[in-house]
Colleague: 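One structure follows; several queries about it will come next.
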Amino acid sequence: MPRLSRATCKTHGYDPDRLETGIVHLGIGAFHRAHMADYTDEVLRKGDRRWGILGASLRSPETREALRPQEYLYTLAESDEAGECCRVIAAVKDILVAPEDPRALVAAMAQPSVKIVSLTVTEKGYCHDPATGELNESHPDIVHDLSDIAAPVSAPGFLVAALRERWRQGLPPFTVLCCDNLPSNGQTVRKVVARLAALVDPAFGTHVAEQVAFPSTMVDRIVPATTDADRARIAKATGLDDAWPVVTEVYNNWVVEDRFPQGRPDWSATFVTDIVPFELMKLRLLNGAHSAMSYLGYLAGRETIADCMADADLAHFVGHLMDSEVTSTLSVPPGADIVAYKAALLRRFRNPGLRHRTWQIAMDGSQKLPQRLLGTIRDRIAAGQSIDGLALGVAAWMRYVTGTDEQGAAIDVRDPLRDDLRARADAAGRDAPRLAASLLAVEQVFGRDLPANPLFTMAMTAALDSLIRKGSRATYQDFRRTHP
Ligand code: CS2
C-alpha cells in the first residue's frame, strides 16, 4: 500500500511549503493534531498562509520519525454513532525534537514570523504545584533550566529562553497559548513563566509579567491514543499507509480568551472575555467524570470509557455525579446549555468508535484531581451540600495508586508522584483510615484545607473502606441503591 505523502494525497488543499511559520507548538502529540491543528487547517484552506505550524516534541523523536517520511501529513479520523470519516491535515510544516538541539528550538521560537507559541504538554509539563499553581522551583527540570536557560529542557524553560531572546533582539513577544486542562490555564502558565523569568533576570521577569499575553482556553475534544488496529482500519479506508493517524470524535469545541496582541488566525472557535464558566463546566463535568470513571472502571475490570458506560451501575454513578453534585457548582456560560452539554457528554462517552482506555485517563491523577474533583468538593462543602459521589471518585484514585488491583496483579501507575504515593500506600497497608490519612497528607494535591475537613475525610474514608473490602463494582452498585 502506498504511504501517505504530498504525491499520493492531493486533498489537503494548500501547499505546506508556501506556509509561513506563524505558530510554534510545544508537545505535538495526538491532542494538538486533532484539535488546534484542525482549527488551523480550516484557516489555511481559506487562504491565510501566515499560520503554518512548526511542531516540537520536548521528549521523544517518535512523532517526528513517524511523520517525516510522509512530509508531516496525517489522517484525522472522526467518529460518532453514525460511523467514521477521514481527512488529511497538512498544517504541520516540520517537527523539531527539543533534546536533539534545544538551541535550535529556541531560535525557531524567536523568529519574527512567529506570533503564537501554543502548548499541549499535559498537566505535569508546567512543573507547577497543582494545589497552588506556583512554580515548583525544586523540580529537576527547573533546577536544570535555571543553570542553563539557553539550552532548556522544560516547557516553561523554552518559553523563557525564547521570550528572552526576542526581548534582547527588540522583537515583540509571542502570545503564549496553553491548551492543557489546567484551571485558568493562561493565568496559571503566566504565573509559572513569569516566576521562572524573574529568577533568570528580574528586569526580564517584569517584561514577561507586563508585556506577554497568556490568553486562557477551554479545549474540548476526546482523543484516545492511536492503536495499531486504528492504523490498519484507517489504511483500509483511505488506501494509504499512515504511520500515525489521529483518532477522535466528530464533536469539537474551543473557547478562547481573545487577547492576541500580535494577531491570530481567524479560527472558528468561540472568542470570549471571561473563560472561567466555560472552563469549569468542561473540567468538572467531562474531565471530572472521566477521572472518577477511569479509577472505578479500571478497578472493576472495564477497559474503556465505552465499557464503563455499558455498565448500567457505573453509568448511573456518572449521571449522579454530573446532575446531583457537579451541576450546582457551575454558572451557565453565556450561550451554553448545561443540560444539552451533559446529554451530549453521555453520548460522547458511549461513542463506539473510540477505544479510550481507563488506564490512559487514570494517568497523572495527582496533577488532575485538584481541578477535576477537589475544586467541586470545596464548593459543595462551602454550600453545605453532600459530596458522596465526588468522595468516591477520590477514594478510587487512592485505591488505584496503591499499585495492586483487586485480583492482586500490579497496576502500571503512571504519575510524577508515583514513588511517593506508593511508599505511603505500602506503609499504610490496606487499612482505609490509615491509607486515606497518609495520601491526604500530600499537600501539593490536597492543600491544607481538605485534610482538615471532617466532612470530606469521613465521606472519603468510608468510600475507600468499601473499595478495599468489597471492591469497586460492589461499591458503585451499593452507591446506586443508596443514591437512586
Ligand atoms: C482525559 C482528557 O486523558 C484524560 O485525562 O480526561 O484527555 C479528555 O479526553 C480531554 O480533556 C477532552 O477534551
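We count ligands from 1, going down the list as the structure has it; atoms in each ligand are counted the same way.
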Colleague: Tell me the contacting part of Met363 for ligand 1: side chain, backbone, both, or neither, using a 4.0 Å heavy-atom threshold, strictly below.
Modeller: neither
Colleague: Among all protein heavy atoms, pick out the one at the shortest distance from atom 7 (O) of ligand 1; state its residue, atom name and that distance to 0.1 Å.
Modeller: Asn181 ND2, 4.4 Å
Colleague: Short N/O distance, under 3.5 Å, between Gln360 and ligand 1?
Modeller: no
Colleague: Within the supplied structure, the quantity of interest is the number of heavy atoms (other residues, nucleotides, ligands) at a distance under 6.0 Å from Gln187 CD; does it exceed 12?
Modeller: no
Colleague: Check the side chains of Asn185 and Thr217 for a donor-acceptor pair under 3.5 angstrom, ignoring hydrogens and angles.
Modeller: yes
Colleague: Report yes if the distance between the aromatic ring centroids of Phe349 and His356 is under 6.0 Å, otherwise no.
Modeller: no
Colleague: Side chains of Ser268 and Glu42: do they bring a donor and an acceptor to under 3.5 Å?
Modeller: yes
Colleague: Can a donor-acceptor pair be found between the side chains of Arg355 and Thr304 at a distance below 3.5 Å?
Modeller: no
Colleague: Please state which protein non-hydrogen atom is closest to atom 8 (C) of ligand 1 and give its distance, to 0.1 Å?
Modeller: Asn287 ND2, 3.5 Å
Colleague: In terms of atom number and element, which parts of ligand 1 are under 4.0 angstrom from non-hydrogen atoms of Arg221?
Modeller: 10 (C), 12 (C), 13 (O)
Colleague: Side-chain donor-acceptor pair under 3.5 Å between Lys124 and Ser366, yes or no?
Modeller: no
Colleague: Apply side chain to side chain contact (heavy atoms under 4.5 Å, CB included) to Cys86 and Leu76, showing your working.
Modeller: CA-CA 6 Å; Cys86 295; Leu76 183 63; over 6 Å; no
Colleague: Could you tell me, atom by atom, which parts of ligand 1 come under 4.0 Å of a heavy atom of Val219?
Modeller: 13 (O)
Colleague: Does Lys282 have a non-hydrogen atom less than 4.0 Å from ligand 1?
Modeller: yes
Colleague: What are the atoms of ligand 1, with element, lying closer than 4.0 Å to any heavy atom of Asp220?
Modeller: 13 (O)
Colleague: Can you list the atoms of ligand 1 that are under 4.0 Å from a heavy atom of Lys368?
Modeller: 3 (O), 4 (C), 5 (O)
Colleague: Quick one: nearest non-hydrogen protein atom to atom 1 (C) of ligand 1, plus distance?
Modeller: His290 ND1, 3.4 Å
Colleague: In this structure, does ligand 1 have an atom that sits under 4.0 Å from one of the heavy atoms of His35?
Modeller: no
Colleague: Check the side chains of Ser328 and Arg380 for a donor-acceptor pair under 3.5 angstrom, ignoring hydrogens and angles.
Modeller: yes
Colleague: Would you mind listing which atoms of ligand 1 come within a distance below 4.0 Å of any non-hydrogen atom of His356?
Modeller: 9 (O)
Colleague: Check whether NZ of the Lys or CZ of the Arg Arg399 lies under 6.0 Å from the centre of the six-membered ring of Tyr295 and within 45 degrees of that ring's axis.
Modeller: no
Colleague: Ligand 1 versus Met218, non-hydrogen atoms closer than 4.0 Å: side chain, backbone, both, neither?
Modeller: neither
